[in-house]
Amino acid sequence: MAFDVDDYVRRGGRLKWDDLGLREAFTAAPLADGILRCLQYMHDIESHTICYLRDTLVTSAHADPSVTTFLTAWNYEEHWHGEAIGEVLAAHGRPSGRQRVADVRRGLSRKDRWRPLSFMIGSALLPDMVAVHMVWGAINEFTTQAGYGLLARKAGHPVLGELLRRIMRQEGLHIDFYVSEGARRLGASRATQRLVRMALNRFWRPVGHGVRPPEETDFVISYLFGSDEGTAAAARIDRRIAKLPGLSGLQLVQRAATGALAA
């Protein structure tokens with residue numbers, strides 16, 4: 001089914017968490033270090049969404065009003081996900097907020113400065129660079145949503161669980177858009193299928209790769225996806241991606257989990 005962008009924009013918006021009493025809840029029952037390390041990573045990546053948007057808008061995606069309408073609301077919602085997780089971190093005395101975001105961005109490699117140019121050139125040369133973005137976004141949203149669910153169950157904290165469930169509901173709508181848009185573009189052209197498959201096989205890495213150090217990415221993946229439940233979640237995501245036209249058998253998420261565990 002086609003994704004109704006206008007309905008999504010009407011129903012979406014800023015994440016609400018003021019009613020959860022985060023500081024009081026985590027003062028009374030603080031989270032374990034491993035959970036906080038994962039939340040730190042998630043805070044950093046959610047807060048980096050505006051930079052991912054930068055890279056997308058230099059491609060032909062900016063000419064599609066449905067895509068740009070979605071991306072506007074998507075970026076706004078992801079910003080508040082970062083802010084909400086930042087409140088959890090602040091309640092534990094961990095770095096969060098604008099100073100933390102500034103520190104992360106200052107730590108990016110020089111290659112990050114060239115990313116918009118590479119995406120712009122790719123969009124000019126390739127027939128449907130936007131299809132790559134849409135499927136890439138679907139995989140990242142699938143893994144993000146699954147990661148939040150696994151983290152909530154691992155923490156066993158009712159307030160954190162409720163906060164993450166609220167985030168997951170919005171991530172579910174993001175998944176619906178990316179999958180719908182990706183399937184539409186993939187279904188229109190065998191050449192697009194070959195392009196997307198090649199790009200994913202060669203270049204896809206778990207969300208946050210390149211923004212945070214490799215050991216942090218490996219820790220989060222192994223901490224969340226290293227259990228039997230996590231392995232099953234990775235397999236489910238790969239099965240859902242395999243249903244998209246031309247993308248069967250990639251097993252990207254399972255490969256990433258295996259690599260993180262080995263590291």
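Taken to the nearest 0.5 Å, the CD1 atom of I45 stands 10.0 Å off from the CD atom of E216. Note that NZ of K111 and OG of S118 are 9.5 Å apart. Values are rounded to the nearest 0.5 Å. Once rounded to the nearest 0.5 Å, the distance linking CG of L163 with NE2 of H157 reads 11.0 Å. One finds the CD1 atom of I237 at 9.0 Å from the CZ atom of R240 (value rounded to the nearest 0.5 Å). Here CE of M134 is found 12.5 Å from CD1 of I139. Values are rounded to the nearest 0.5 Å. Note that NE2 of H174 is 13.0 Å distant from CZ of R169, once rounded to the nearest 0.5 Å.
For the side chain to side chain contact (heavy atoms under 4.5 Å, CB included) with Y178, the lone residue among F70, F142, F3 that qualifies is F70.
The two residues G161 and A152 have their closest heavy-atom pair at CA-CB, 4.1 Å. Contact detail for G182 and V135: the closest heavy-atom pair is CA-CG2, 4.1 Å. Across every non-hydrogen atom of A242 and G249, the tightest pair is CB-N, 4.2 Å. Among all heavy-atom pairs drawn from C51 and R105, the shortest one is SG-NE, 4.0 Å. Across S47 and V101, no two heavy atoms sit closer than the pair CB-CG2, 3.5 Å. Closest non-hydrogen pair, A234 versus V253, comes out as CB-CG1, 3.7 Å.
A donor-acceptor contact shorter than 3.5 Å links the side chain of S96 to the backbone of G86. Panel note: side chain S180, backbone F177; no donor-acceptor pair is recorded below 3.5 Å. Of the possible donor and acceptor atoms, none in the side chain of H92 sits under 3.5 Å from a partner among the backbone N and O of L36. In this structure a side-chain-to-backbone donor-acceptor pair under 3.5 Å is present from D238 to L252. A donor-acceptor pair under 3.5 Å is formed between the side chain of R197 and the backbone N or O of G246. Put simply, the side chain of R11 never gets that close to the backbone of D6: no donor and acceptor are under 3.5 Å apart. A donor-acceptor distance shorter than 3.5 angstrom exists from the side chain of Q40 to the backbone of P95, with no hydrogens or angles considered. Between the R94 side chain and the V88 main chain, no donor and acceptor come within less than 3.5 Å of each other. A donor-acceptor pair is defined here as one N or O able to donate and one able to accept, closer than 3.5 Å; such a pair exists between the side chain of T56 and the backbone of Y52. A donor-acceptor contact shorter than 3.5 Å is absent between the side chain of S123 and the backbone of F119.
The hydrophobic cluster containing I50 also contains V67, counting ILVMFWY residues as joined when their side-chain heavy atoms lie under 4.5 angstrom apart, directly or transitively. Cluster membership check: L117 shares its hydrophobic cluster with L125, using side-chain heavy-atom separations under 4.5 Å among Ile, Leu, Val, Met, Phe, Trp and Tyr. Follow the hydrophobic side-chain contacts under 4.5 Å out from F203 and you never reach I121; the two are in separate clusters. In terms of hydrophobic clustering, with Ile, Leu, Val, Met, Phe, Trp and Tyr side chains grouped at heavy-atom distances under 4.5 Å, M198 and I241 are assigned to a common cluster.
Between I221 and T143 the shortest side-chain heavy-atom distance does not fall below 4.5 Å. No side-chain heavy atom of T231 sits under 4.5 Å from any side-chain heavy atom of Q254. With contacts defined as side-chain heavy-atom distances shorter than 4.5 Å, the pair T258/R255 does not qualify. Using a 4.5 Å heavy-atom threshold, the side chains of V220 and F225 count as separate. Side-chain contact between H48 and L108 is present, with at least one heavy-atom pair separated by less than 4.5 Å. Considering only heavy atoms from C-beta on, M129 comes within 4.5 Å of L126 through its side chain. Put simply, the side chain of L39 reaches to within 4.5 Å of the side chain of L160, judged on heavy atoms. The closest side-chain heavy-atom distance from L195 to R190 is not below 4.5 Å.
Annotation: D228, atom CG; neighbour count of heavy atoms from other residues, nucleotides and ligands within 6.0 Å does not exceed 12. More than 12 heavy atoms of other residues, nucleotides or ligands lie within 6.0 Å of CZ in R166, so this atom counts as buried by the packing criterion.
For the pair R37 and F219, the cation-pi test (distance below 6.0 Å, angle within 45°) is passed.
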Report the C-alpha separation of E83 and H43 in whole Å, then their side-chain angles, then the decisive distance to 0.1 Å, and conclude whether the side chain to side chain donor-acceptor pair (under 3.5 Å) test is met. CA-CA 7 Å; E83 292 289 298; H43 167 272; 5.8 Å; no

Show the numbers, then the answer: is there a side chain to side chain donor-acceptor pair (under 3.5 Å) between R54 and N75? CA-CA 11 Å; R54 168 204 65 181; N75 183 76; over 6 Å; no

Check step by step if side-chain contact (heavy atoms from CB on, under 4.5 Å) holds for W17 and L20. CA-CA 6 Å; W17 70 84; L20 295 180; 4.1 Å; yes

Could you please spell out the steps behind the salt bridge (Lys or Arg N to Asp or Glu O under 4.0 Å) verdict for D64 and R185? CA-CA 13 Å; D64 187 323; R185 292 173 181 272; 3.1 Å; yes

Would you sort out whether R165 and Y148 count as a side-chain contact (heavy atoms from CB on, under 4.5 Å), showing the intermediate values? CA-CA 8 Å; R165 279 189 290 275; Y148 282 135; over 6 Å; no

Pair L250, W204 - check side-chain contact (heavy atoms from CB on, under 4.5 Å), show working. CA-CA 11 Å; L250 285 174; W204 182 83; over 6 Å; no

Is there a side-chain contact (heavy atoms from CB on, under 4.5 Å) between I167 and I85? Walk through the geometry before answering. CA-CA 10 Å; I167 294 175; I85 296 170; 4.2 Å; yes

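A salt bridge links E229 with R153: the distance from a Lys NZ or Arg NE/NH1/NH2 to an Asp or Glu carboxylate oxygen falls below 4.0 Å. Between R106 and D103 there is a salt bridge, since a side-chain N of the basic residue sits under 4.0 Å from a carboxylate O of the acidic one.
Donor-acceptor pairing under 3.5 Å is recorded for the side chains of H81 and E171. In this structure, a donor-acceptor pair under 3.5 Å is absent between the side chains of Y8 and Q170.
By the salt bridge (Lys or Arg N to Asp or Glu O under 4.0 Å) test, E78 pairs with no residue at all, sequence neighbours left out.
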